[in-house]
Amino acid sequence: MSPHPIAETVASLMPKAKAELTELVAFKSVADFEQYPRSESEAAANWVADALRTEGFQDVALLDTPDGTQSVYGFLPGPEGAPTVLLYAHYDVQPPLDEAGWATPPFELTERDGRWFGRGSADCKGGIVMHLLALRALKANGGVPVHIKVIAEGSEEQGTGGLERYAEEHPDLLRADTIVVGDAGNFRVGLPTVTATLRGMTLVRVQIDTLEGNLHSGQFGGAAPDALGALVRVLDSLRAEDGSTTVDGLDSDGVWEGLQYNEADFRRDAKVLDGVGLIGEGSVADRIWARPAVTVLGIDCPPVVGATPSVQASARALISLRVPPGVDAAAATKLLRAHLESRTPWGARVSTEQIGQGQAFRADTTSPAYEAMSGALSEAYDGEKMQAAGMGGSIPLCNTLAALYPEAEILLIGLNEPEAQIHAVNESVSPQELERMSVAEALFLQRYAKS
């Protein structure tokens with residue numbers, strides 16, 4: 001059987017896709033302007049805007065969102081009476097972390113072992129290129145059969161909520177019949193997957209103070225209260241002996257019904273060291289998709305190199321708490337802050353501050369749009385049946401859009417399969433996945449227009 005014309009077109013466009021992704025990855029578009037220049041994010045936003053204009057989009061605009069970043073919007077009209085589909089991705093990226101840990105420079109797209117490496121290659125600059133490929137393939141094969149809106153966010157990774165608030169202030173801008181969020185991914189390479197649930201999240205900063213200033217540990221240690229020691233005890237209280245998350249008052253016994261995650265596969269995907277056990281109880285899917293998970297993201301304290309023999313007067317930490325659908329993120333934030341404050345020992349002074357928050361999300365996988373996506377993914381993946389999985393990460397915009405447009409169908413697809421190692425060193429994208437997911441999106445838009 002000869003390939004579908006859409007597939008042939010996407011295959012022919014892959015060299016251009018690689019060149020464009022190379023350009024996009026080169027922008028150091030981390031939306032933390034204390035670490036990275038604002039100009040890098042602005043340049044990436046302008047690149048996306050220019051790409052939309054080149055494809056014939058109208059009303060292309062750089063939206064100044066309340067968190068000080070820019071999102072890129074464009075509208076491509078389709079046939080009269082056709083439905084409207086919103087395509088989402090984000091151009092901001094996580095910091096590269098330890099650049100020395102990268103085999104190749106993080107902001108230079110590099111081909112190695114059949115994959116393209118670079119920060120944002122999968123999460124989510126690759127998603128922007130995926131949308132462009134799908135639309136180009138449709139234009140070359142009879143035209144785009146629906147009205148298309150594109151929104152490329154500039155601060156998704158920071159969780160600062162700029163686009164959510166902008167959308168709430170301009171409720172008609174992103175209105176659509178169906179929304180395709182290109183910031184998820186397949187369960188593994190070659191297995192087409194839609195994401196049925198997203199965990200919500202909260203970020204809380206805790207600070208503990210015990211002394212007016214640091215003291216000599218030989219002269220005062222043993223009686224003077226150590227702020228760092230107090231913080232260690234507080235952080236330890238967030239986990240049970242087996243590593244399960246234990247925030248006072250927060251339910252932690254959810255069960256995942258559906259696609260399961262084999263423990264050996266998870267160990268390999270997570271690159272767990274030999275002999276080191278997994279934390280928590282229940283199935284892996286329970287732990288990463290259906291239950292809360294606390295992570296200490298960072299601690300402010302003296303580094304080992306250059307440390308002095310001192311009792312620490314102050315210490316602080318940044319804590320992430322992921323929560324499953326059914327748990328209100330605002331309520332979880334209150335429970336986490338109360339836990340931290342109540343578990344602080346020795347009468348130490350403690351303060352907590354919420355830094356970011358996003359609600360969990362559950363999609364309706366029985367909708368007509370999901371039926372169209374199921375057929376499209378199966379065709380793009382040579383008959384493989386579409387699977388539905390959870391995702392441990394958060395996309396706060398999903399709940400904002402669901403609240404603004406309750407009749408809209410929201411689908412989550414993308415390029416973030418386990419080998420991509422998003423948020424870690426040596427992030428990469430599979431060009432085969434980029435090609436097939438672009439085909440699937442184009443086929444979906446054709447099928448959806450006829451549904």
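We find the CG-OH distance between L24 and Y91 to be 11.0 Å, quoted to the nearest 0.5 Å. In this structure, OH on Y370 lies 8.0 Å from CD1 on I410, to the nearest 0.5 angstrom. Atoms CD1 and CZ, from I319 and R205 in turn, are 11.5 Å apart once rounded to the nearest 0.5 Å. Between Q446 atom CD and N141 atom CG the span is 7.0 Å, to the nearest 0.5 Å. Interatomic distance, L321 CG to Q357 CD, rounded to the nearest 0.5 Å: 10.0 Å. Atoms OG1 and CG, on T400 and L163 in that order, are 8.0 Å from each other to the nearest 0.5 Å.
Listed by chain and number, the residues in a salt bridge (Lys or Arg N to Asp or Glu O under 4.0 Å) with R267 amount to none (sequence neighbours excluded). Listed by chain and residue number, F187, F266 satisfy the ring-ring contact (aromatic ring centres under 6.0 Å, His included) test with Y261 (two or more places apart in sequence, or in another chain). With sequence neighbours left out, the side chain to side chain contact (heavy atoms under 4.5 Å, CB included) criterion links V189 to R115, E417, E419, E433, R436. Remark: Y166 pairs with H170 by the ring-ring contact (aromatic ring centres under 6.0 Å, His included) rule, at least two apart or across chains. Partners of W102 according to the ring-ring contact (aromatic ring centres under 6.0 Å, His included) rule, which considers only residues two or more places apart in sequence or in another chain, do not exist here.
D59 contributes no side-chain N or O that, together with a main-chain N or O of F75, makes up a donor-acceptor pair within less than 3.5 Å. The main-chain N or O of R316 is never found under 3.5 Å from a side-chain atom of D300 such that the two would form a donor-acceptor pair. Here the side chain of Q58 pairs no donor or acceptor atom with the backbone of G56 at under 3.5 angstrom. Of the possible donor and acceptor atoms, none in the side chain of W256 sits under 3.5 Å from a partner among the backbone N and O of A285. The backbone N or O of T197 sits nowhere less than 3.5 Å from a side-chain atom of R362 that would complete a donor-acceptor pair. A donor-acceptor pair is defined here as one N or O able to donate and one able to accept, closer than 3.5 Å; such a pair exists between the side chain of R239 and the backbone of V294. Panel note: side chain K125, backbone A44; no donor-acceptor pair is recorded below 3.5 Å. No donor-acceptor pair under 3.5 Å is formed between the side chain of R119 and the backbone N or O of E427.
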Between R188 and D269, is a side-chain contact (heavy atoms from CB on, under 4.5 Å) present by the stated rule, with each step listed? CA-CA 10 Å; R188 60 185 59 261; D269 293 340; 3.0 Å; yes
Would L135 and L87 count as a side-chain contact (heavy atoms from CB on, under 4.5 Å) if you check the C-alpha gap in whole Å, the side-chain angles of each, and the deciding distance to 0.1 Å? CA-CA 11 Å; L135 295 175; L87 304 179; 4.3 Å; yes
What verdict does the side-chain contact (heavy atoms from CB on, under 4.5 Å) test give for T160 and T69, after you've listed the backbone C-alpha separation in whole Å, the side-chain angles of each residue and the deciding distance to 0.1 Å? CA-CA 10 Å; T160 46; T69 64; 5.6 Å; no
Apply side-chain hydrogen bond (donor to acceptor under 3.5 Å, both in side chains) to residues E341 and T352 and explain how you reach the verdict. CA-CA 8 Å; E341 291 164 6; T352 60; 2.7 Å; yes
Is there a side-chain contact (heavy atoms from CB on, under 4.5 Å) between Q207 and L231? Walk through the geometry before answering. CA-CA 8 Å; Q207 176 156 338; L231 179 62; over 6 Å; no
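Applying the salt bridge (charged side-chain N to carboxylate O under 4.0 Å, His left out) definition to pairs two or more places apart or across chains, those involving residues 94-114 are K18-E111. Among residues at least two apart or in separate chains, ring-ring contact (aromatic ring centres under 6.0 Å, His included) pairs with a member in residues 414-451 are F444-Y448. For residues 76-85, there are no side chain to side chain donor-acceptor pair (under 3.5 Å) pairs, not counting sequence neighbours. The salt bridge (charged side-chain N to carboxylate O under 4.0 Å, His left out) pairs that include a residue from residues 169-184 are D172-R175, where partners are two or more places apart or lie in different chains. Counting only residues at least two apart or on different chains, no ring-ring contact (aromatic ring centres under 6.0 Å, His included) pair has a member in residues 371-390. Residue pairs meeting the salt bridge (charged side-chain N to carboxylate O under 4.0 Å, His left out) criterion with at least one partner in residues 375-391, sequence neighbours excluded, are E379-R447. Applying the side chain to side chain donor-acceptor pair (under 3.5 Å) test to pairs two or more places apart or on separate chains, those with a residue in residues 402-414 are S367-E409.
Counting heavy atoms from C-beta outward, V327 and R199 have side chains that stay 4.5 Å or more apart. Counting heavy atoms from C-beta on, the side chains of L52 and L76 never come closer than 4.5 Å. In this structure the side chain of S252 never reaches within 4.5 angstrom of the side chain of T245, judged on heavy atoms. Under the 4.5 Å side-chain criterion, counting only non-hydrogen atoms from C-beta, Q70 is in contact with D64. A heavy-atom distance below 4.5 Å is found between the side chains of V72 and L62. Looking at heavy atoms from C-beta onward, L377 lies in side-chain contact with V194 at the 4.5 angstrom threshold. Looking only at side-chain heavy atoms (C-beta outward), L278 and V284 come within less than 4.5 Å of each other. With contacts defined as side-chain heavy-atom distances shorter than 4.5 Å, the pair H339/V234 does not qualify.
In plain terms, the two heavy atoms of A329 and V323 that are nearest each other are CA-CG2, 4.4 Å. When every heavy atom of H90 is checked against every heavy atom of Y88, the shortest pair comes out as CB-OH, 3.8 Å. Contact record, A122 with N416: O-OD1, 3.0 Å, taken as the closest heavy-atom pair. Contact detail for P324 and P292: the closest heavy-atom pair is CD-N, 3.7 Å. Taking all atoms of both residues into account, the shortest heavy-atom contact from G118 to V25 is CA-CG1, 4.1 Å. Closest heavy-atom contact between T9 and A137: CG2-CA, 3.7 Å.
Counted within 6.0 Å of NZ on K149, heavy atoms from surrounding residues, nucleotides or ligands total more than 12; the atom is thus considered enclosed.
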